[in-house]
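Only this structure's heavy atoms are used, side chains among them; waters, hydrogens and symmetry mates stay out. Just so it is clear, the structure is predicted and the values come from calculations on it, not from any experiment.
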Amino acid sequence: MPDTALVAARRAADVRNDRLVLLRGAAIVSAGYGVGASLQAVYVYSRVLPSLGAVPIWWRLAANAVAVVALVGTLWALRVYRYRTAWPMIGGAAAAALVSAVLRWCAQVAFGIAAAGDTDTRDAELLGGFIVAGISVAIALWSLYSRRVARGAIRSSERRAVHVESTLHMLEQEEIRVRREVAEGLHGTLQNKLVVVVARLDEVLDQPLDLREQDVATLRWMRAELDDVRELDVRQMSRLLYPERLELGLVPAVRALLGRLPSTIATRLVVTDDVRELDDPASNRITVGTRLLAVRVVEEGITNALKHGPATTVAVTVGVEDGRLVVGVENDVPLELGAGPRDDSGIARLRERVALADGTLELGPGDPADVRLELRVPLPAMETAR
């Protein structure tokens, strides 16, 4: 639905709600006044003026019902619920109260409750009916005003929330772009330059130069160090910035991460059918930002297993529960060896990042005695649609 249609639909719904609040409020309050006045009149007249008390209470209730219907009908006809400023609302309320009082008096005369020629009674009933109807409308208008204020505050909060969410999404996309560019630069330009430097050193070392043995050893050390930087530091930094196969999906990226572990550590990856259906890079149903966050959690779980180990098994589970992506990383290192993260630990920092995505990250015992690091992060509604 276009934005203009959404705005029009929301405005129409607001008008309907305002109409319901005003008319229902006025009807309830004025009906309450009417029933109370009828009962009081029957009681007083039966004690003071028995002749007047002989009028059945049903006729008095009927006259007051006419006043309620007239009040609600006039408010509806004048569209008082559409007004946004005070004076038009006051004017409409006064007109509705006057119509209600006049028709109530006419109904009292018609039902034999009052005599048409009794001017004192007429004036008292008209004034009383006008005051009661006015109070009823005033209460209803105050309810309408309060509802509008609350609705405006809610809409303002919604707009701020959307703005914050949009800003966070833009920052996330910018971070991903920068990570990808830096990773590509490290993996491409810097690594290629290091390859060229190592190749040039090999050429120098292969030539019969008049160099001291100490100088040759230094050059060979420099060549080995550069090769280690290229193979280990540059590639590792590139993977940290932007994991391998992340563009292909979450599952391929996690599988590549587990594939780099030493062969002495048994690995297991369990993925539910829901995740396999959602983890399609073509449809982008699990965003790159969510994939990156999940891979970071898996990396942290593996790092803890290696740091506090030795671990012999690492198991990763990926599933969807209640519209949230659930990623669990378990290892068989006793919890007391790598128990709760310090405030400056990687898990604590990662937990802050997860909180920005409205997710949770918990470290605790697994099943039966393993350590489990579990991520729960919400997925948009469209991502969990089957």
Side-chain angles (χ1 to χ4, degrees), residues 1-35 62 64-104 107 129-170 172-173 283-285 287 322-324 357-358 378-386:
M1 185 182 295
D3 291 342
T4 54
L6 286 174
V7 171
R10 173 173 283 189
R11 287 179 178 174
D14 290 345
V15 170
R16 288 195 300 269
N17 292 332
D18 289 349
R19 179 176 64 222
L20 179 62
V21 169
L22 178 63
L23 300 183
R24 182 176 58 187
I28 291 174
V29 176
S30 60
Y33 273 122
V35 172
N64 287 317
V66 170
V68 173
V69 173
L71 179 66
V72 173
T74 306
L75 290 173
W76 193 333
L78 295 178
R79 301 293 191 268
V80 177
Y81 50 85
R82 289 181 175 271
Y83 299 152
R84 294 288 174 177
T85 55
W87 288 113
M89 296 176 74
I90 294 174
L98 180 60
V99 171
S100 174
V102 171
L103 290 182
R104 178 175 177 270
F130 179 81
I131 292 175
V132 168
I135 293 174
S136 302
V137 178
I139 294 174
L141 287 175
W142 179 255
S143 299
L144 176 60
Y145 172 77
S146 301
R147 183 183 181 89
R148 284 176 175 174
V149 171
R151 186 170 62 207
I154 292 173
R155 296 272 172 82
S156 179
S157 298
E158 290 175 351
R159 286 192 295 270
R160 287 196 296 269
V162 170
H163 178 70
V164 170
E165 183 178 353
S166 175
T167 302
L168 289 176
H169 179 70
M170 292 174 60
E172 179 184 79
Q173 295 303 310
S283 61
N284 201 31
R285 298 167 76 184
T287 63
D322 300 327
R324 287 177 172 258
D358 196 24
L379 294 169
M382 61 167 289
E383 295 176 3
T384 56
R386 298 296 299 271

Please indicate whether Arg11 has more than 12 foreign heavy atoms, meaning atoms of other residues, nucleotides or ligands, lying under 6.0 Å from its CZ.
no
Test side chain to side chain contact (heavy atoms under 4.5 Å, CB included) applied to Tyr81 and Leu75, step by step
CA-CA 8 Å; Tyr81 50 85; Leu75 290 173; over 6 Å; no
If you define the side chain from C-beta out and look only at heavy atoms, does anything of Arg82 sit under 4.5 Å from Asp18?
no
Can a side-chain donor-acceptor contact be found between Ser156 and Arg160 if the only test is distance below 3.5 angstrom?
yes
Using the side chain to side chain contact (heavy atoms under 4.5 Å, CB included) rule, pick out the option among Val132, Ile139, Val137 that qualifies with Ile135.
Ile139
A side-chain contact here means heavy atoms from C-beta on lying under 4.5 Å apart; do Asp14 and Arg155 qualify?
yes
Do you know the tightest heavy-atom contact between Ala140 and Gly25?
CB-C, 3.8 Å
Atom of Leu71, atom of Ala97 and distance for their closest heavy-atom approach:
CD1-N, 4.0 Å
Measure the shortest side-chain to side-chain distance between Leu141 and Val80 over non-hydrogen atoms and say whether it is less than 4.5 angstrom.
yes
On a heavy-atom basis, the closest approach of Gly92 and Leu78 is O-CD1, 3.8 Å
Under 4.5 Å between any side-chain heavy atoms of Val66 and Arg104, yes or no?
no
Check: Ser100 side chain, Ala96 main-chain N or O, donor-acceptor pair, under 3.5 Å
no
Asn17 and Arg148: CA distance, side-chain angles, deciding distance, side chain to side chain contact (heavy atoms under 4.5 Å, CB included) verdict
CA-CA 10 Å; Asn17 292 332; Arg148 284 176 175 174; over 6 Å; no
Counting only heavy atoms not in Tyr33, do more than 12 sit closer than 6.0 Å to its OH atom?
no
